[in-house]
Each structure stands twice: as structure tokens, then as C-alpha cells.
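Before any comments, here is the structure.
Both backbone and side-chain heavy atoms feed into the values below; hydrogens, waters and symmetry mates do not. Below, read A as the first sequence line, B as the second, and so on, with proteins coming before strands; counting in each chain starts at 1.
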2 protein chains.
Amino acid sequence: MSSPPRRKFRRETASQRKDDLIAATLQVISESGVRAATVRTIAERAEVTQGLIRHYFSSKEDLIAAAYEHHMTQMTDAVATAKDVTAGTARDRLAGFVMASLSPPVVNPGWVALWSGFLNEALHDADLNKIHQRTYHHFRDQLEALIAEALRETDQPAPPERLRQLAIASNGVIDGLWLEGGALPQEFATGELAKIGLDSVAALTGLDLHRKAIDT
Amino acid sequence: MSSPPRRKFRRETASQRKDDLIAATLQVISESGVRAATVRTIAERAEVTQGLIRHYFSSKEDLIAAAYEHHMTQMTDAVATAKDVTAGTARDRLAGFVMASLSPPVVNPGWVALWSGFLNEALHDADLNKIHQRTYHHFRDQLEALIAEALRETDQPAPPERLRQLAIASNGVIDGLWLEGGALPQEFATGELAKIGLDSVAALTGLDLHRKAIDT
DNA sequence: AAAATAATTATACGCTTGAATAATTACTGG
DNA sequence: CCAGTAATTATTCAAGCGTATAATTATTTT
């Protein structure tokens, strides 16, 4: 006759709970794909009951968008704040930017799963599309600024149109290699993608980006 | 009292029906994403009732895999059989390969939606992962063969290890640009991506890939 | 033209989904 | 330490999900 006891819980701050729910969402999608991201699965992962999601987010779609935003910020920051990206000559920082983009933890199957799942949604969802557009530009603009600075530094300043093309091309090769490294991890030796990426951006821009002694 | 009349139908060959169901699956995913690809939605698009799907495919997952295989074959063939890829010097064919990869109909939001949706599934599904792995290699091997031939043709033969790196890098830049063109169509002018891609592969390989007069 | 066959439709089943609402309980300010 | 409040749990709901099976009908065979 006795119903099971109501589960104990702690009251958390709104921002803490939101962060937890976002983190749980990202874990579920990265491990099992977008189709697995149901409110019940996410709530279970966050160790709360499903009703709480709607208490903090107006809909599941709203939570997904917040998770997308969070993930892209996290990924961008992981590159922008990596070692060698924040100090040194412009060429050093550009090299560090490319290396960081093509090394763990940025190259990671889970992050590719997140990226592909969100992109698939963004292609038919206006809100998510805006997030995609914004984060794409943010990353590419950072890359373009570094390339511009490195070219100026070596007395090879380039006009805006050429800078744009170099940034698009460099961003393309970084994105492509990142994707392949995350989607087929066993395909590439340790450091191989980073080396290929660095050589590629060097060939595209004409810059000498010999990498520093990271290996050994 | 009279129940609605049973709907008329035509008996089709097995291969025709399978193709129709696969085509319907691809349409639904490309327009509305993987989450929209339910048996009912797919059957409606194919103008049959949902039971027929299980008559031709052992499960929905099986249909998805068949659609994945079909789409990747379609995309690969669209590049491999494009004008300028099947005749001319090796450099001409390599240039045609890059141009075709970065022009319509290959660059297309719907195809990016398909690709991202399937990849998202492939990252946690062994069967789909095999398809991804196989089609990735198929595309990259074609590219590597063209690069090898073009380098031989210009008396600059390259050792296997370098060929591998050039193919990975070229494939990377093509993939990255293709993705960005499909995901943000309004971002790039007509022919811009193809031009950047061609210049990039030229810079990476050191080959002269001046494109022929396609424009004007 | 009738009988056999299999392609297709129709219906039903149990489960999951996102969302809404009601019931509790942990915390806060007096 | 007690009353108020809102964070959290529990429950409910209608709709949609993939799958299974039974009924029907278009086509082929004889």
C-alpha cells in the first residue's frame, strides 16, 4: 500500500540548473545523436525529473538552442585560449590556432557528433541557423585577423579581397580536417592532422609556419 | 455507415518500390532533418501506406542505411562523371573534379542536410559508420589518384607518403568549402567557392590548375 | 474466366514523445 | 522556529512512434 517515497532533491540556483541541463543535453547528443535527445533522457542524465526542463526552458527546442550556443562558444574558446595562440609573433599565434584546432580536445568524435547534429537541425530551423551563421563568422574572422597580421608582419600585406579568400580557404581546410579527424579517429596518426593542417595553411598563405618543437 | 473506400494502388516491381522509398527518405531528411524521418512521413511522401516500408525493408534503420548508401553513391557519381573529369590531361581532370565538387548540384543545402544527418547517426551506429568510412575513402582515393597522375604528368612524381598528405589536405579543403557553401549558400558569390577551391588545391600541390573559360 | 499469389492497404498494439498541471518539499526571511 | 514561496517531483494527457498482423485487391498463371 505504501507508495515509494518521493525522491530527495536540492534546490539549485537558476544558472546552475540551466548549466547542468545544457551539459546533460550535450552529453546525450554527443554520445547517442540528436534523435536520442529526448526530455526524459536529458533529465535522467542531469539527475532531475523531466518537468524541470520546462521550468527553465520554454520548450525542448529552446534547450537545444541554448546547448548549441554553449557548445560553439566552448569550442571557439578552446581554440582561442590555447597555448601559443595568445602570445608570440603573429605567425606563432596563427600556427598555434591551426594546431589547437586540429588537436584534442577540439578534434573529438563527440564534438563532431554535436556539430553534425546541430547543423542538421540548423538547416531547417531559423533560430539555430542564426547561431550557426554567427559562430561560423566568429571563427573565420579570428582566422582572417591572424592571417592579416602575419602577412603584415612579414611585409606581405594583402588587400581585403585576397584576405577574405585566404581566410575562407584556410577555414575550409581546417574544418575539413577537423571533421575527418573526429569522424574517423583511427584513420590518422597522432599529430598527423595538425601537421597536415599547418603545412596546408602555410602553402595557402605563403607563410612560413614551421611548427615549434611540440613533439618529442 | 459506409466506411471510406479502400485506396487504389498499383503493384510495382520490388526495385522500383525500393527506389521510391529511398528517394522519399532522402527528400524528407534533406528538407526536414533526421528527426522528421518517420515511417509515416516517408510513406506519405512516397504515396504509399506505412506498412509497405516493412514489406521491403526489415526495419526503418535498414531503410535509412540504404538511403545513406544511395545518397553517397549519387554524390560521388555526380563528381566523377562531371564534364572535364572524364577526359583531358590529368591536370584538367583534377581541376574538373575540384570544380564539380564545389558547384551545383553537389553544393546544395539539401545534400549538406543529408550528409550531416547521416554522419550524426553514423557516429553511434556501427553499420552506418562502415558506410561513412567506405565512401570517405572512395572519394579520397579518387582524388589521390588524380593528384598522383597530375604530378607525374608534370615530371614532379611524389612518394606515397607525400601523396597521402596531399590527398588528405586537398580532400579537407574541398570538404570544408563544400560544407560551408551548402550550409550558408547566401555567403558566397556564384563560382566563388569553386575558384577558391581550385586555387587552394593548386597551392597545396604546387600544380598549375588554371581553370578553363567556364565563366562568360 | 477462374484460381492462385503476393503486393498493398488497413488496423491495432504497446511504448515513447513533448507538454501541461497538480502535489510536495527544500529553502528563506521574519 | 514558523510561514511563505518557488523549486522540484509526480502524474496525466493526447499525439506520434516503430512494428506486427489481418484483410483486400491487382496481377499472373493455368
Any N or O donor-acceptor pair under 3.5 Å from the base of D:dG18 to the side chain of B:Arg54? no
Between CZ of A:Arg35 and C1' of C:dT17 the distance, given in whole Å, is 13 Å
Result of checking B:Trp115, B:Trp178, B:Phe97 against B:Phe139 for ring-ring contact (aromatic ring centres under 6.0 Å, His included): B:Phe97
Atom CD of A:Gln16 and atom C1' of D:dA6: how far apart are they, to the nearest Å? 18 Å
Just the rounded figure in Å: distance from C1' of D:dG16 to CD of B:Gln50. 11 Å
Which is true for B:Tyr56 with a 4.0 Å heavy-atom rule: it touches a base, it touches only sugar-phosphate, or it touches nothing? sugar-phosphate
Tell me whether B:Arg140 is salt-bridged to A:Glu180, with the criterion being a basic N under 4.0 Å from an acidic carboxylate O. no
By the 4.0 Å heavy-atom rule, please label A:Thr38 as base, sugar-phosphate, or nothing. sugar-phosphate
A:Ile42 CD1 to C:dG18 P: how many Å, rounded? 8 Å
What's the CZ-C1' distance between A:Arg17 and D:dT9, to the nearest Å? 11 Å
Interatomic distance where CD1 belongs to B:Ile53 and P belongs to D:dA20 [whole Å]: 14 Å
When the distance from CZ of B:Phe57 to C1' of D:dA20 is rounded to whole Å, what number comes out? 19 Å
Atom CD of A:Gln16: over 12 foreign heavy atoms under 6.0 Å: yes
Which letter, B, S or -, goes with each nucleotide of nucleotides 22-30 of chain C from 5' to 3', with contact meaning a protein heavy atom under 4.0 Å? -BBSBS---
In terms of side-chain heavy atoms, does B:Thr73 have a donor or acceptor partner in B:Thr76 at a distance below 3.5 Å? no
Can you tell me how far P of C:dT17 sits from CG of A:Leu63, to the nearest Å? 15 Å
Pair A:Glu31 + A:Arg45: basic N to acidic O under 4.0 Å: yes
Can you check whether A:Ile147 reaches A:Leu143 side chain to side chain, under 4.5 Å on heavy atoms? yes
Spell out yes or no: do the side chain of B:Arg40 and the base of D:dG16 have one donor N/O and one acceptor N/O closer than 3.5 Å? no
Does the ring centre of A:His71 sit less than 6.0 Å away from the ring centre of A:Trp111? yes
Using a 4.0 Å heavy-atom cut-off across all strands, classify B:Glu12 as base, sugar-phosphate, or nothing. sugar-phosphate
Indicate whether OP1 or OP2 belonging to D:dA7 is found under 4.0 Å from a side-chain N or O atom of A:His55. yes
